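Have a look at the structure below, then the notes.
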Amino acid sequence: MIEAALFGAIAQSALLVGALLVWKFPRLKKPAIVGGLMAFGAGAVISAVSIDLVAVSYDEAGELPTALGIAIGCVTYFLIIRFLERKHVDEQPGAAIATAHAQDSTETHGATKQEARNLTVGMVIDGVPESVAVGLTLHTAVIGVSAALVGSIFIAAIPEAIGIAAALLAGGIAIGSVLLRFSMIVIIGAVFAAVGYSLLYGASDSTQAIIQSIAAGALLVVVIDEMIPIAVRSIKGWAGILGVAGFVFSAALTWASGG
């Protein structure tokens with residue numbers, strides 16, 4: 001269980017890395033850089049979903065539990081995002097970057113206190129199914145596959161963290177407060193990874209497959225709705241090249257481990 005919590009914390013700790021990078025290097029807030037990171041991260045997430053989540057779920061329980069989990073994950077995430085949008089929350093981490101770019105401004109449009117609060121909620125929504133999946137893979141796969149999933153989540157979270165951190169810092173929120181928010185998400189990730197590991201031990205293959213597939217469904221919505229549009233808008237045709245690079249890099253983590 002401690003190992004699962006550690007893996008979950010490492011996966012979410014990319015948020016802290018991203019925030020520190022924006023604080024140290026303000027140029028990272030440029031749309032082209034964020035777009036490149038988004039494209040690479042999107043490819044890494046697609047690899048993690050297909051190889052480390054869906055394929056494992058299918059092998060363990062077959063097509064029906066896997067398909068059911070994907071449907072639950074994508075619909076649930078979609079409904080949560082629509083609810084937040086009705087509350088005037090912009091869930092896209094790169095929206096503040098894109099706004100500044102469209103206005104030909106060197107300053108990033110900052111998030112209000114309400115937007116900052118709800119963006120934090122959005123990151124928790126992203127992190128919970130990922131963390132549960134990390135804990136679950138320690139039961140359903142070899143350690144190398146779990147490491148590959150953690151690496152993919154870590155890489156994919158950095159551009160998201162850079163985008164959100166840029167919005168929070170530009171909105172006047174101190175770096176200490178941003179790091180505190182992100183640290184809470186890291187702790188939540190560790191807790192849910194441990195929960196995924198301990199409570200699902202001995203669970204049926206179908207149950208485990210559904211939970212892994214829920215994470216896969218939610219992550220696919222994140223990639224299609226948030227990461228890919230930001231990447232294409234920022235770097236045009238280069239998004240596809242960098243996306244493929246991210247896919248191969250993430251897949252290589254699994255292949256190298258023999259997963």
Side-chain angles (χ1 to χ4, degrees), residues 4 7-8 10-12 14 38-81 125-157 159-160 189 192-193 195-197 199-201 203-228 231 240 243-259:
F7 269 46
I10 292 173
Q12 297 303 319
M38 281 287 182
F40 191 86
V45 172
I46 293 172
S47 174
V49 167
S50 58
I51 298 175
D52 302 326
L53 293 178
V54 174
V56 174
S57 296
Y58 182 84
D59 289 342
E60 290 291 329
E63 64 275 8
L64 184 58
T66 301
L68 179 61
I70 292 173
I72 293 172
C74 70
V75 171
T76 300
Y77 190 88
F78 174 83
L79 292 176
I80 291 173
I81 295 304
I125 295 171
D126 280 349
V128 167
E130 294 172 349
S131 299
V132 171
V134 167
L136 183 58
T137 57
L138 291 175
H139 283 306
T140 60
V142 297
I143 190 70
V145 174
S146 297
L149 177 60
V150 169
S152 299
I153 293 173
F154 185 94
I155 292 169
E160 181 181 7
F192 274 91
V195 168
Y197 177 85
L199 296 186
L200 292 175
Y201 182 75
S204 67
D205 290 341
S206 295
T207 299
Q208 295 180 9
I210 287 175
I211 293 177
Q212 280 189 293
S213 298
I214 287 174
L219 286 171
L220 282 174
V221 176
V222 174
V223 171
I224 296 171
D225 282 0
E226 301 182 15
M227 301 183 75
I228 292 177
V244 171
F247 184 98
V248 173
F249 180 84
S250 177
L253 295 176
T254 300
W255 299 333
S257 66

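No experiment lies behind these values; they were computed from the predicted model shown.
- For Ala39, the side chain to side chain contact (heavy atoms under 4.5 Å, CB included) partners two or more places apart in sequence, or in a different chain, are Ala231, Ile235, Ala239, Leu242.
- Nearest heavy atoms, Gln12 versus Gly189: CG-CA, 4.0 Å.
- Phe78 meets the side chain to side chain contact (heavy atoms under 4.5 Å, CB included) test with Arg82; sequence neighbours excluded.
- Looking at Ser57, its side chain never comes within 3.5 Å of a backbone N or O of Thr66 through a donor-acceptor pair.
- With sequence neighbours left out, the ring pair (Phe, Tyr, Trp, His ring centres under 6.0 Å) criterion links Phe40 to Phe249.
- Sorted by first then second residue, the ring pair (Phe, Tyr, Trp, His ring centres under 6.0 Å) pairs that include residues 43-63, not counting sequence neighbours, number zero.
- Heavy atoms only, all atoms of each residue included: Phe154 and Ala14 are closest at O-CB, 3.2 Å.
- Looking at Leu219, Val244, Val223 one by one, the single match for side chain to side chain contact (heavy atoms under 4.5 Å, CB included) with Ile46 turns out to be Val223.
- Annotation: side chain to side chain contact (heavy atoms under 4.5 Å, CB included) contacts of Leu68 (sequence neighbours excluded): Ile72, Ile210.
- Of all non-hydrogen atoms in Val56 and Ile51, the two that sit nearest each other are CG2-O, 3.9 Å.
- With sequence neighbours left out, Ala61 forms a side chain to side chain contact (heavy atoms under 4.5 Å, CB included) with Pro65, Asp205, Ser206, Ala209.
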